[in-house]
Amino acid sequence: MMSVTSTFLSALGIVSALGQGIEQTSRTLFGDRRADMIAHDDFLIDRTTMLGTVTGPLVALPDHLTQYDTRNNRLLWTAMAQITSEIDDLITTFGTDRIGIILGTSTSGIEEGTTGYQDMLETGTWAPGFRYEHQEIGSPADFLRDALGLSGPAYVISTACSSSGKAFASAQRLMDAGMCDAVIVGGVDSLCRLTVRGFDALNSISEGVCNPLSKNRDGINIGEGCALFTLRRDAGDIALMGVGETSDAHHPNAPHPDGIGAISAMKSALAHAGLTPDDISYINMHGTATPLNDSMESTAIAQIFGTTVAVSSTKPMTGHTLGAAGAIEAAILWLSLQQAHDGAPLPRHHWDGAIDPDVTPMNLVAQTGQRVAPNDRLAMMSNSFAFGGSNVSVILGRGFIPAGMTS
């Protein structure tokens, strides 16, 4: 008997290099709009770098919340503005004390903190508007809680690239424990010099747009963005079916070469969802385009699923959004499943086609417009693998009969 969660991701707000909102994001993923991967010359000292950039105007924070004004929080507020009616319905239905907020981030307002310290060193005084708490990792959850007038649990998970993937597991646990009737869950990260230069110090920044799975791959592009969902039991078509979390602790910044933690996370997600590998129609790979990650992940996927399941990495279209990556890539599954009435559209795998013999062959989504065959039941997986061996796999689906969630 399958054990499928009756918890639904009932609404999505999204902003990233893919665009703003569901329509623009979908057109980039599945159609003809180009992603906003832009060359910047103000993040690295000696050269330009391609970054997944939010180019459109962001929604301004309310006047009474200017103490929270950072780019990270403006990205968060822009995504939130797209799902205001759903959040209002949650408040009306459940009350302000029964709604939680769980977010993933790795940057919070660190760019504003960096600028503030730079001003202090140059002038001897703090610039107007500098607030130390901007760079505190919990700031986004504090901001959203205060902005929406909520009093339920509100906190941030920061485990690098797995942060917002793990937020789904935490949100589910709050509901299973009876602490919340609904949770606003997602992730947000903004471009900042600290992360771009940090990855550059690891020799992990690509010279151009990243090239996942290629023998010519040379590293990542950093990106920014936010994806924000409402999680509830009483409404929705797209279910949060399973989450698998592991920690292999193999190395501070390199994955286990045999994919031990990744394999365990994917198997755990399948078990949590009550599914078999054959039930998964598509996998959004972590797919960073670093030499070690891509070879490890292809090996891990093949061990569980073989080499026929459709896969792609969407990081050439978003950049690696770090703490927001798990939520943004879950949003990609959500958008595909939302449009599954005539076969779910899949995001194309963008690369140069140069096969690496050290990468296990994958069934890559080769063309724009490729779709999963129409099916009454569809399930898809997204992987996020972080520094320190912090791994998470998330499964979304539609058409499955809810049968409760097992722990």
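As the structure is a computational prediction, the values presented were derived from the model and not from experiment.
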Peer 1: Quiz question: by atom type and distance under 3.5 Å, do the side chains of E86 and S10 form a donor-acceptor pair?
Peer 2: yes

Peer 1: Any chance the side chains of N391 and T246 put a donor and an acceptor closer than 3.5 Å?
Peer 2: yes

Peer 1: Any donor-acceptor pair under 3.5 Å linking the side-chain atoms of T276 with those of D279?
Peer 2: yes

Peer 1: For D342, does the CG atom sit with more than 12 other heavy atoms under 6.0 Å from it, leaving out its own atoms?
Peer 2: yes

Peer 1: Indicate the atoms forming the closest heavy-atom contact of A310 with S281, along with that distance.
Peer 2: CB-O, 3.7 Å

Peer 1: Where the side chain of S336 meets the backbone of I332, is there a donor-acceptor pair that is under 3.5 Å apart?
Peer 2: no

Peer 1: Looking at A167 and I157, what are the two nearest heavy atoms and their distance?
Peer 2: CA-CD1, 3.8 Å

Peer 1: Taking CG in D46 as the centre, count heavy atoms belonging to other residues, nucleotides or ligands within less than 6.0 Å. Is the count above 12?
Peer 2: yes

Peer 1: Looking at L148, L90, L150, which hits side chain to side chain contact (heavy atoms under 4.5 Å, CB included) with T96?
Peer 2: L150

Peer 1: Of the non-hydrogen atoms in G165 and V243, which two are nearest, and what is the gap between them?
Peer 2: O-CG1, 4.3 Å

Peer 1: Above 12 or not: heavy atoms from other molecules or residues under 6.0 Å from CZ of R34?
Peer 2: no

Peer 1: Check the pair S295 / D356 against side-chain hydrogen bond (donor to acceptor under 3.5 Å, both in side chains), numbers first and verdict last.
Peer 2: CA-CA 9 Å; S295 57; D356 184 345; over 6 Å; no

Peer 1: Any Lys/Arg nitrogen of R131 or E112 sitting under 4.0 Å from an Asp/Glu carboxylate oxygen of the other?
Peer 2: no

Peer 1: Looking at Q339 and S26, what are the two nearest heavy atoms and their distance?
Peer 2: NE2-OG, 3.1 Å

Peer 1: Please report the closest heavy-atom contact between A386 and C161, naming both atoms and the distance.
Peer 2: CB-N, 3.5 Å

Peer 1: Applying side-chain hydrogen bond (donor to acceptor under 3.5 Å, both in side chains), run through D32 and T368 and close with a yes or a no.
Peer 2: CA-CA 8 Å; D32 58 0; T368 300; over 6 Å; no

Peer 1: Between the side chains of D352 and N216, does any donor sit under 3.5 Å from an acceptor?
Peer 2: yes

Peer 1: Quick one, D189 with T107, criterion side-chain hydrogen bond (donor to acceptor under 3.5 Å, both in side chains). Give me CA distance, side-chain angles, the key distance, then yes/no.
Peer 2: CA-CA 6 Å; D189 249 359; T107 59; 2.7 Å; yes

Peer 1: Before giving the answer on side-chain hydrogen bond (donor to acceptor under 3.5 Å, both in side chains), spell out for T78 and Q20 the whole-Å C-alpha distance, their side-chain angles and the decisive distance to 0.1 Å.
Peer 2: CA-CA 8 Å; T78 298; Q20 294 199 25; 5.3 Å; no

Peer 1: Minimum heavy-atom separation for V394 to L333, with atom names?
Peer 2: O-CD1, 4.2 Å

Peer 1: Is the shortest distance from a Lys or Arg side-chain nitrogen in R233 or D176 to a carboxylate oxygen in the other one below 4.0 Å?
Peer 2: yes

Peer 1: Can you tell me if CD1 on I355 sees more than 12 non-hydrogen neighbours from other groups inside 6.0 Å?
Peer 2: no

Peer 1: Would you check if there is a donor-acceptor pair between the side chains of S162 and T159 at a distance under 3.5 Å?
Peer 2: yes

Peer 1: Is it the case that the side chain of T28 and the backbone of Q24 share a donor-acceptor pair, with hydrogens and angles ignored and the cut-off at 3.5 Å?
Peer 2: yes

Peer 1: Do the side chains of L58 and W77 get nearer than 4.5 Å, heavy atoms only?
Peer 2: no

Peer 1: Would you call the rings of W334 and F229 parallel, tilted or perpendicular if under 30° counts as parallel and over 60° as perpendicular?
Peer 2: perpendicular

Peer 1: Any salt bridge linking D69 with R74? Criterion: basic side-chain nitrogen under 4.0 Å from a carboxylate oxygen.
Peer 2: yes

Peer 1: Using the six-membered ring wherever Trp is involved, compare the ring planes of H286 and H320 and label them parallel, tilted or perpendicular (cut-offs 30° and 60°).
Peer 2: perpendicular

Peer 1: Between N72 (side chain only) and S190 (backbone N and O only), is there a donor and an acceptor less than 3.5 Å apart?
Peer 2: yes

Peer 1: Would you please test D89 and R232 for side chain to side chain contact (heavy atoms under 4.5 Å, CB included) and show each step?
Peer 2: CA-CA 11 Å; D89 182 64; R232 60 193 299 170; 3.0 Å; yes

